Student: 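Before I ask anything, let me first share the structure, which is written out below as structure tokens.
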Amino acid sequence: MPISIGMSHFGRILAAAASVAALALPAAADARAGTTYYVGLGDSYSQGAQPIGPGQSDETTDRGFNDFAYKKLHRSHRGLELVKLGCGGATTDSMIHGTKGCHEDLPYRSNSRATSQLSYAVRWIRTHRHRVRYVTVSIGGNDFAHCIGAGDLDAVDACMTQGIEQMKENLPVIARDLRAAAGRKVVIVGSTYPDVVLGQYVRNSQGRQFAQASVSLFRDQVNPVLKSAYAKRKIRFADTTAGFGGYIPFDTTTTLAPFGRLPVAVANICRLGWYCQVPDIHLRSSGYRRFAAIVVKQLRRSA
């Protein structure tokens with residue numbers, strides 16, 4: 001069954017003591033024969049965020065890709081439990097250094113390196129190492145997601161370059177620390193993102209330029225950085241950009257209401273995400289299900 005990381009106001013009073021106890025000794029659940037863990041780390045994608053109003057998101061749902069992946073895996077691993085430690089809005093920098101607070105109620109504060117998501121996850125995974133079976137990581141999107149509002153293509157490109165450099169610096173640290181904590185046998189999968197910027201295509205002529213530029217951005221810059229950092233620590237890579245059809249040429253089209261004729265790559269994002277309808281980078285439940293299927297394929301892949 002999933003382990004809830006959210007807590008009530010009263011529960012927060014006991015959070016510090018409970019977290020220390022959980023890290024000091026194996027969790028009580030570990031005593032139950034056959035209990036194993038699936039640990040989900042990263043940003044709002046790892047938590048299944050959904051828009052609930054203008055500029056607002058429900059940051060923790062039971063409809064994220066980790067939830068759907070867990071349900072698939074639980075069918076054959078009945079003792080498996082899901083532990084979601086992701087932080088909405090997390091960047092590669094805040095995951096390491098705790099430089100950005102979290103919207104969710106979590107057992108770490110994310111206000112210093114000692115209380116960051118990575119520090120807590122490393123301690124938790126190390127403490128439960130012999131019970132951890134799977135770890136997933138979705139991080140990096142917030143290093144550059146804000147760039148779409150930077151201005152024209154030149155400004156966006158400069159912003160993206162800065163974000164990618166931050167990823168290059170931080171991802172190797174994240175991959176190294178997670179692999180060291182988990183040991184060699186635990187299956188870890190790092191994912192990229194569907195190219196939601198393709199949704200800009202339906203807005204205006206400048207949006208079409210952004211959408212077209214985003215294809216090479218993911219293919220030639222973002223994804224190679226992610227894949228390379230993970231591969232060096234034997235962390236598998238889930239290419240959700242390709243899995244959502246993000247590289248299908250724009251001259252391959254379909255019809256989708258209410259937009260009319262669109263490139264298939266754009267239509268996929270419009271169907272599976274929110275970005276074509278509202279300025280929100282998250283996925284619909286159907287999108288998180290597809291994301292989960294891509295991740296599960298890597299989790300189950302033979303070494």
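In what follows, every heavy atom counts, from backbone to side chain, and hydrogens, waters and symmetry copies are set aside. Being a predicted model, the structure only gives us computed values, none of them experimental.
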Student: Do Met160 and Gln221 come close enough that some side-chain heavy atom pair is under 4.5 Å?
Tutor: no

Student: Between the main-chain N or O of Ala175 and the side-chain N or O of Arg233, is there a donor-acceptor pair closer than 3.5 Å?
Tutor: no

Student: Does His130 NE2 have over 12 foreign heavy atoms under 6.0 Å away?
Tutor: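 No, the 6.0 Å shell around NE2 holds no more than 12 heavy atoms from other groups.
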
Student: Tell me whether Ile294 shares a hydrophobic cluster with Leu226, the cluster being built from Ile, Leu, Val, Met, Phe, Trp, Tyr side chains joined at under 4.5 Å.
Tutor: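 Ile294 clusters together with Leu226.
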
Student: Tell me the closest heavy-atom pair linking Ala265 and Ile248, and the distance in Å.
Tutor: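 What the structure gives for the nearest pair is CB-O, 3.8 Å.
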
Student: Taking side chain to side chain donor-acceptor pair (under 3.5 Å) as the test, write out the residues that go with His77, two or more places apart.
Tutor: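 Partners of His77 under the side chain to side chain donor-acceptor pair (under 3.5 Å) test: Arg133, Tyr134.
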
Student: Just so I know, are the side chains of Val215 and Leu198 near enough to count as touching, which here means a heavy-atom distance under 4.5 Å?
Tutor: yes

Student: Please report the closest heavy-atom contact between Asn223 and Thr241, naming both atoms and the distance.
Tutor: ND2-OG1, 3.1 Å

Student: Verify the neighbour count for atom CZ of Arg184: are there more than 12 heavy atoms of other residues, nucleotides or ligands below 6.0 Å?
Tutor: no

Student: Would you indicate whether the side-chain heavy atoms of Ile164 and Asp143 approach each other to under 4.5 Å?
Tutor: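 Result no, sub-4.5 Å side-chain heavy-atom pair not found.
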
Student: Can you say whether the rings of Tyr70 and His74 are parallel (under 30°), tilted (30 to 60°) or perpendicular (over 60°)?
Tutor: tilted

Student: Quick check: does any side chain N or O of Gln117 sit under 3.5 Å from a backbone N or O of Ser94, one acting as donor and the other as acceptor?
Tutor: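 Absent.
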
Student: Is the side chain of Ser46 donor-acceptor paired with the backbone N or O of Asp43 at a distance under 3.5 Å, no angle test?
Tutor: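 Present.
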
Student: Applying ring pair (Phe, Tyr, Trp, His ring centres under 6.0 Å), can you list everything that pairs with Tyr201, at least two apart in sequence or on another chain?
Tutor: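 Tyr201 satisfies ring pair (Phe, Tyr, Trp, His ring centres under 6.0 Å) with Phe250 once adjacent residues are dropped.
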
Student: With side chain to side chain contact (heavy atoms under 4.5 Å, CB included) as the criterion, how do Leu41 and Leu118 come out once you've worked through the C-alpha distance, each side chain's angles and the decisive distance to 0.1 Å?
Tutor: CA-CA 9 Å; Leu41 304 172; Leu118 183 63; 6.0 Å; no

Student: Is the closest side-chain donor-acceptor distance between Thr255 and Arg261 under 3.5 Å?
Tutor: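 Yes, because at least one side-chain N or O of Thr255 sits under 3.5 Å from a partner of the opposite role on Arg261.
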
Student: From Ile281 CD1 over to Asp195 CG, what is the distance, rounded to the nearest 0.5 angstrom?
Tutor: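 Ile281 atom CD1 to Asp195 atom CG measures 12.0 Å (nearest 0.5 Å).
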
Student: Is there a donor-acceptor contact under 3.5 Å from the side chain of Gln298 to the main chain of Ala238?
Tutor: no

Student: Spell out, yes or no, whether Tyr247 and Val225 are grouped together once hydrophobic residues are joined by side-chain heavy atoms under 4.5 Å, including indirect joins.
Tutor: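 Yes, same cluster.
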
Student: Between CZ of Arg126 and CG of Asp177, what distance do you get to the nearest 0.5 Å?
Tutor: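 CG of Asp177 is found 8.0 Å from CZ of Arg126.
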
Student: Just jot down the side chain to side chain donor-acceptor pair (under 3.5 Å) partners of Thr252, sequence neighbours excluded, or say none.
Tutor: none

Student: Ring pair (Phe, Tyr, Trp, His ring centres under 6.0 Å) with Phe244: which residues, sequence neighbours excluded?
Tutor: none

Student: Flag yes if Leu272 and Val264 sit in one hydrophobic cluster, no otherwise; membership is Ile, Leu, Val, Met, Phe, Trp, Tyr, and two members link when side-chain heavy atoms are under 4.5 Å apart.
Tutor: no

Student: Strictly below 4.0 Å, N to O, side chains only: are Asp239 and Lys227 in salt-bridge contact?
Tutor: no

Student: Is there a side-chain contact between Met95 and Asn170 in this structure, where contact means two heavy atoms from C-beta onward sitting under 4.5 Å apart?
Tutor: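 The answer is no, as the side chains (C-beta and beyond) never meet within the 4.5 Å cut-off.
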
Student: Hydrophobic cluster membership, with links at side-chain heavy-atom distances under 4.5 Å among I/L/V/M/F/W/Y: are Ile125 and Val173 in one?
Tutor: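 Shared cluster, yes.
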
Student: Do Arg284 side-chain atoms and Gly273 backbone N/O form a donor-acceptor pair below 3.5 Å?
Tutor: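 At least one qualifying donor-acceptor pair exists.
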
Student: Indicate if Phe65 and Leu82 have the same hydrophobic cluster label, given that clusters are the connected sets of ILVMFWY residues with side-chain heavy-atom separations under 4.5 angstrom.
Tutor: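 In one cluster with Phe65: Leu82, yes.
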
Student: Apply ring pair (Phe, Tyr, Trp, His ring centres under 6.0 Å) to Tyr38 and list each qualifying residue two or more places apart in sequence or on a separate chain.
Tutor: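 Once residues adjacent in sequence are excluded, Tyr38 has no partner under the ring pair (Phe, Tyr, Trp, His ring centres under 6.0 Å) criterion.
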
Student: Side-chain contact, heavy-atom cut-off 4.5 Å: Ile269 with Val197?
Tutor: no

Student: Counting N and O atoms only, with roles assigned by atom type, does the side chain of Tyr288 sit under 3.5 Å from a partner on the main chain of Ala49, one being a donor and the other an acceptor?
Tutor: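 Such a contact is found between Tyr288 side chain and Ala49 backbone.
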
Student: Inspect the surroundings of CD in Gln277 and state if more than 12 heavy atoms from other residues, nucleotides or ligands are less than 6.0 Å away.
Tutor: yes

Student: What I'd like to find out is whether the side chain of Leu256 reaches to under 4.5 Å of the side chain of Arg271, using heavy atoms alone.
Tutor: yes

Student: Please verify the inter-ring angle class for His282 with Tyr45; under 30° counts as parallel, over 60° as perpendicular, anything in between as tilted.
Tutor: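 Correct class here is tilted.
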
Student: Using atom types as modelled and distance alone, determine if a side-chain donor or acceptor of Arg289 lies under 3.5 Å from a backbone N or O of Phe68.
Tutor: no

Student: Using the rule given for side chain to side chain contact (heavy atoms under 4.5 Å, CB included), can you reason through Gln206 versus Gln209, listing the C-alpha separation, both sets of side-chain angles and the distance that settles it, and then say yes or no?
Tutor: CA-CA 5 Å; Gln206 185 181 53; Gln209 290 181 312; 4.2 Å; yes

Student: Is any side-chain heavy atom of Leu73 closer than 4.5 Å to one of Arg300?
Tutor: yes

Student: Begin from the C-alpha positions of Asn111 and Thr115 and carry the test side chain to side chain donor-acceptor pair (under 3.5 Å) through to its verdict.
Tutor: CA-CA 6 Å; Asn111 59 7; Thr115 64; 2.7 Å; yes

Student: Just by modelled atom types, is the Gly101 backbone N or O under 3.5 Å from a matching donor or acceptor in the Arg109 side chain?
Tutor: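 Judged by distance alone, no pair lies under 3.5 Å.
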
Student: In Å, rounded to the nearest 0.5 Å, how long is the span from NZ of Lys232 to CZ of Arg176?
Tutor: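 Reported value, rounded in 0.5 Å steps: 13.0 Å.
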
Student: If you count heavy atoms of other groups shown closer than 6.0 angstrom to NZ of Lys72, is the number above 12?
Tutor: no

Student: Considering all heavy atoms of both residues, which atom of Pro194 and which atom of Thr240 are nearest to each other, and what is their separation?
Tutor: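 Looks like N-OG1, 3.5 Å.
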
Student: Tell me, which pairs form a disulfide (SG to SG under 2.5 Å) where one or both residues lie in residues 101-150, sequence neighbours left out?
Tutor: Cys87-Cys102, Cys147-Cys159

Student: Determine yes or no for a side-chain-to-main-chain donor-acceptor pair under 3.5 angstrom, with Arg63 supplying the side chain and Gln50 the backbone.
Tutor: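 No, Arg63 side chain to Gln50 backbone: no donor-acceptor pair under 3.5 Å.
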
Student: Measuring from atom CD1 of Ile174 to atom CE of Met167, what distance do you get when rounded to the nearest 0.5 angstrom?
Tutor: 9.5 Å

Student: Just wondering, do Val132 and Trp124 contact through their side chains at under 4.5 Å, heavy atoms?
Tutor: yes

Student: To the closest 0.5 Å, what do you measure between CZ (Arg131) and OG1 (Thr35)?
Tutor: 5.5 Å

Student: Does the structure place the NZ or CZ of Arg203 under 6.0 Å from the centre of the six-membered ring of Tyr275, at an angle of no more than 45° from the ring's axis?
Tutor: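 Checked: cation-pi criterion met.
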
Student: Taking all heavy atoms of Tyr193 and all of Ser138, pick out the closest pair and write down the distance.
Tutor: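 Shortest heavy-atom separation between Tyr193 and Ser138 comes out as OH-C, 3.4 Å.
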
Student: Indicate yes or no for a side-chain donor-acceptor contact from Ser119 to the backbone of Arg113 under 3.5 Å, with no hydrogens or angles considered.
Tutor: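 Yes; judged by distance alone, with no hydrogens or angles, the pair exists.
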
Student: Rounded to the nearest 0.5 Å, what separates atom CG in Asp157 from atom CG in Leu217?
Tutor: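 With rounding to 0.5 Å, CG (Asp157) is 8.0 Å from CG (Leu217).
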
Student: Which heavy atom of Ala181 sits nearest to which heavy atom of Val122, and what is that distance?
Tutor: CB-O, 3.7 Å

Student: Which pair of heavy atoms, one from Asn268 and one from Gly245, lies closest together, and at what distance?
Tutor: ND2-CA, 4.0 Å

